[in-house]
Amino acid sequence: KLGESLSGVIRKITLAGMVDEKLVREVVRDIQRALLSADVNVKLVMELSKKVESRALKEKPPAGLSRKEHTIRVLYEELVNLLGGGEAYALPQKARIMLVGLQGSGKTTTVAKLAKYFQKRGLRVSIIAADTYRPAAYEQLSQLVEPLHIKVFGSPESKDAVEVVREALTQVGKSDIILLDTAGRHKSEEELFREMVALAEVFKPDEKFLVIDSNLGQQAGTQAKAFNEHIGITGVVLTKLDGSARGGGALSAVAATGAPIRFVGTGEGIDALEPFDAERFISRLLG
Amino acid sequence: VVLDERKLEELLSEFEIALLESDIAFDVAEKIISDLKQNLYGKKFKRSELEAAIKASLEQSLREILDLPSVSLEEMIRRKKEKPFVILFVGINGTGKTTTIAKVAKRLMGRGFTCVFAASDTYRAGAIEQLERHAEKLGVKLIKHARGADPAAVAYDAIEHARAKGKDVVLIDTAGRMETNVNLLEEMKKIARVAKPDLVIFVGDALTGNAAVEQAERFNSAVSIDGIILTKADADAKGGAAISIAHTIRKPVLFLGTGQSYDDLVEFSADWLIREILG
Ligand SMILES: Nc1nc2c(ncn2[C@@H]2O[C@H](COP(=O)(O)OP(=O)(O)OP(=O)(O)O)[C@@H](O)[C@H]2O)c(=O)[nH]1
Ligand SMILES: Nc1nc2c(ncn2[C@@H]2O[C@H](COP(=O)(O)OP(=O)(O)OP(=O)(O)O)[C@@H](O)[C@H]2O)c(=O)[nH]1
Ligand SMILES: [Mg+2]
Ligand SMILES: [Mg+2]
């Protein structure tokens with residue numbers, strides 16, 4: 001009699017185990033679909049889903065959580081870890097901040113937004129416009145920050161960005177925050193990358209922010225890696241999150257640079273800048 | 001030897017990864033692979049030929065997606081008897097619309113067409129000045145109003161000017177706008193209603209990931225897109241966005257932007273794209 005019921009229990013546990021494994025696999029497939037359609041790097045998705053699957057199968061779900069809920073909770077933890085553990089950003093009170101990134105990612109607009117952000121918190125801000133390539137770049141930045149009455153140093157006629165920075169630093173006086181806007185560039189434009197290194201050497205920034213368009217797809221990690229290798233990135237700003245893109249490329253950028261996401265851009269206006277919130281970002285990422 | 005189910009699944013998932021890594025949107029890549037699987041069903045291959053057979057079939061599907069009727073831009077302009085030929089450029093923020101307009105103008109002027117620019121981005125800081133610099137460098141007439149003016153009115157003005165002066169082409173620059181911004185999509189519709197363009201070109205960034213589908217759909221339902229130009233192809237873009245967009249709205253990619261100078265505009269080639277995606 002005992003033997004019979006024991007074998008019945010064993011069979012039930014084995015069956016449940018098989019159901020659990022099947023369930024976890026299905027949840028992991030859904031996770032892969034969500035992450036891939038949010039532009040997370042393919043290899044990173046595969047790594048993440050392997051980790052999540054093995055943890056979800058090994059760990060016993062805490063009391064009250066279904067196997068499925070536990071799997072999602074494990075994913076959340078892995079993503080928060082990837083994003084740097086979610087420590088709050090101690091806003092610098094005195095810093096030189098250099099912004100770099102691909103063409104059209106939103107650097108100039110972000111400089112204006114950051115200028116207002118710091119100014120609102122009582123800090124004196126100066127801006128250096130060192131994009132000497134793009135037609136009317138200086139005008140764009142000047143117009144954007146006009147309501148802030150912040151001096152924009154730059155020389156619309158100059159073709160030498162390094163010289164613009166050098167000159168500006170002699171005039172910038174008592175500023176708490178100095179923001180440096182640079183020209184867009186990608187890793188195959190070797191001369192522009194060399195210029196970026198030269199700019200960092202002259203400016204000696206405390207922060208180097210990589211500005212990333214949330215629409216950016218699978219190339220995010222590769223480009224971020226190149227920027228990091230050349231000047232060392234200390235922070236990421238993710239722009240255009242007011243579109244339908246969910247910004248999965250930012251995960252690769254963080255993974256490639258070891259730098260946390262500091263701010264997100266949510267519109268064209270000068271107020272459309274928010275400090276990064278990992279929980280909100282992840283729940284949007286998972287759709 | 002009948003298709004080895006397990007080997008097939010393995011190869012298909014490897015190819016799906018290749019599609020995803022070249023920036024083809026997830027839903028599009030999934031559809032391509034499932035159609036591929038259907039096509040291969042019931043066929044017989046030697047195990048050693050399986051991979052080559054899948055690759056050939058995949059290349060065929062990609063070509064079919066890109067194979068859309070398209071006349072050259074110059075031919076389109078020549079076919080329209082009544083001048084000017086009006087081209088409206090639209091797209092989300094920062095994709096390269098303004099720069100692309102300058103490139104297209106240079107190309108057309110090199111082929112004997114006269115051009116007029118309409119500065120219909122009346123919103124963004126420095127937008128009119130940026131287009132103005134290009135106009136000066138290229139020797140193109142620019143029609144502009146004050147910042148904040150009605151974009152449709154600027155377009156109308158430029159077309160009237162072109163008509164009066166017998167100019168061949170009007171190129172209308174518009175502000176970048178997110179596909180999620182209903183008000184700005186309405187504004188774009190109004191510009192199109194007033195300007196009645198002969199060609200609406202969607203300017204997209206070749207590095208765009210999954211958002212390319214939503215952007216193409218929403219822009220296409222607001223103003224019927226006639227053709228696409230993908231920019232920044234020089235930034236090591238695999239260009240999968242071309243497949244996502246072509247698959248979604250069935251419109252041809254006309255050109256690729258390959259740099260920041262006026263000459264960096266090339267006719268789109270399916271061969272280039274297929275090589276980037278499948279190696
Ligand atoms: N909707 C939206 N638009 C944005 C955001 N950030 C920037 N933009 C827009 O994106 C476009 C490009 O922004 P810029 O600031 O000129 O980009 P950039 O990186 O300086 O460009 P380059 O200097 O040419 O490399 C502009 O139309 C901006 O208004 C954002 O968070 N949301
Ligand atoms: N490398 C590269 N850069 C490009 C290409 N096309 C445009 N750019 C750059 O992309 C940035 C944005 O170009 P814009 O022409 O201002 O883009 P836009 O779409 O008009 O931007 P908004 O009007 O703000 O929406 C500039 O720095 C251009 O030089 C290209 O094909 N290759
Ligand atoms: Mg800029
Ligand atoms: Mg523009």
Side-chain angles (χ1 to χ4, degrees), chain A residues 32-43 45-46 102-109 112 133-146 156 183-189 192 213-220 222-223 226 239-240 242-249 267-268 270, chain B residues 16-27 29-30 92-99 102 123-134 136-137 147 175-181 204-215 218 231-232 234-238 240-241 244 259-260:
Chain A
Q32 285 178 343
R33 159 177 261 116
L35 294 177
L36 287 171
S37 55
D39 295 317
V40 181
N41 177 277
V42 176
K43 299 232 161 19
V45 172
M46 296 316 168
L102 298 175
Q103 285 88 354
S105 55
K107 297 174 292 300
T108 304
T109 309
Y133 297 96
R134 175 168 158 151
Y138 179 83
E139 285 79 348
Q140 180 187 8
L141 191 42
S142 301
Q143 284 176 24
L144 283 173
V145 302
E146 197 184 344
R185 68 200 77 222
H186 61 72
K187 68 181 181 51
S188 302
E189 293 167 322
L192 292 182
D213 184 335
S214 61
N215 290 287
L216 185 56
Q218 293 290 316
Q219 292 299 318
T222 318
Q223 291 288 345
T239 63
K240 308 181 200 173
D242 47 311
S244 26
R246 311 213 298 269
E268 287 194 82
I270 200 167
Chain B
E16 182 164 15
I17 287 180
L19 296 184
L20 292 170
E21 287 187 324
S22 65
D23 274 323
I24 294 179
F26 182 79
D27 290 342
E30 209 176 41
I92 70 152
N93 304 70
T95 57
K97 298 175 290 302
T98 307
T99 309
Y123 169 75
R124 205 206 71 207
I128 298 172
E129 291 84 341
Q130 183 185 6
L131 188 58
E132 192 157 32
R133 296 286 161 75
H134 287 309
E136 287 163 4
K137 282 219 191 101
R147 188 177 170 196
R177 67 204 67 228
M178 282 305 172
E179 70 281 7
T180 45
N181 191 319
D205 190 324
L207 295 168
T208 311
N210 283 267
V213 171
E214 193 78 359
Q215 288 164 16
R218 298 221 183 170
T231 63
K232 311 177 199 171
D234 51 306
D236 297 324
K238 295 281 183 72
S244 308
Q260 304 189 76

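The shown structure was predicted, so the numbers you read here are calculated from the model rather than taken from an experiment. Chain letters run A, B, ... following the sequence lines, proteins first, then strands; residues in each count from 1.
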Quick one: does [X]'s side chain have a donor or acceptor within less than 3.5 Å of a partner on [Y]'s backbone?
| X | Y | result |
| --- | --- | --- |
| B/E21 | A/V42 | no |
| A/N215 | B/T208 | no |
| A/S244 | B/T180 | no |

Contact class of [X] relative to chain B, heavy atoms under 4.5 angstrom:
| X | value |
| --- | --- |
| A/R134 | side chain |
| A/Q223 | side chain |
| A/L102 | side chain |
| A/I270 | neither |

Looking at [atom1] of [X] and [atom2] of [Y], how far apart are the two atoms once the value is rounded to the nearest 0.5 Å?
| X | Y | atom1 | atom2 | value |
| --- | --- | --- | --- | --- |
| B/I17 | A/M46 | CD1 | CE | 4.0 Å |
| A/E268 | B/N93 | CD | CG | 4.0 Å |
| A/R33 | B/D27 | CZ | CG | 6.5 Å |
| A/Q143 | B/R124 | CD | CZ | 9.0 Å |
| A/N41 | B/L20 | CG | CG | 10.5 Å |
| A/L216 | B/D205 | CG | CG | 7.5 Å |

Atom group of [X] that falls short of 4.5 Å from chain A, counting heavy atoms:
| X | value |
| --- | --- |
| B/R218 | neither |
| B/I128 | neither |
| B/E132 | neither |

Handout entry: Interface residue of largest heavy-atom contact number with chain B, from A/P135, A/A38, A/G104, under 4.5 Å
Key =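 Top count of heavy-atom pairs under 4.5 Å with chain B: A/P135.
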
Practice task
Determine the option with the most heavy-atom pairs under 4.5 angstrom with chain B, choosing from A/G243, A/S105, A/A245.
Solution key: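 Heavy-atom pair counts peak at A/G243.
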
Problem - Nearest heavy atoms of A/S188 and B/D236, plus distance in Å - result: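 Smallest heavy-atom distance, with atoms named: OG-OD2, 3.0 Å.
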
Problem - Nearest non-hydrogen partners of B/K232 and A/Q103, listed with the distance - result: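 B/K232 and A/Q103 have their closest heavy atoms at NZ-O, 3.0 Å.
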
Problem - When B/A241, B/G94, B/A211, B/A235 are compared by non-hydrogen pairs under 4.5 Å with chain A, the top option - result: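 Most pairs with chain A among the choices: B/A235.
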
Practice task
Identify which of B/G126, B/A125, B/A29 forms the greatest number of heavy-atom pairs closer than 4.5 Å to chain A.
Solution key: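 When all of B/G126, B/A125, B/A29 are compared, B/A125 has the most.
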
Handout entry: Polar side chain donor-acceptor pair, A/H186 to B/D234, under 3.5 angstrom
Key =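 The answer is yes; a qualifying pair exists.
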
Problem - Enclosure of A/E146 CD (heavy-atom neighbours >12, cutoff 6.0 Å) - result: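 Count not over threshold, so no.
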
Practice task
Would you check if A/E139 and B/Q130 make a side-chain contact, meaning some heavy-atom pair closer than 4.5 Å?
Solution key: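 Side-chain contact under 4.5 Å: no.
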
Practice task
Decide yes or no for B/K238 and A/Q218: does some side-chain heavy atom of the first lie under 4.5 Å from some side-chain heavy atom of the second?
Solution key: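 B/K238 vs A/Q218: side chains apart.
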
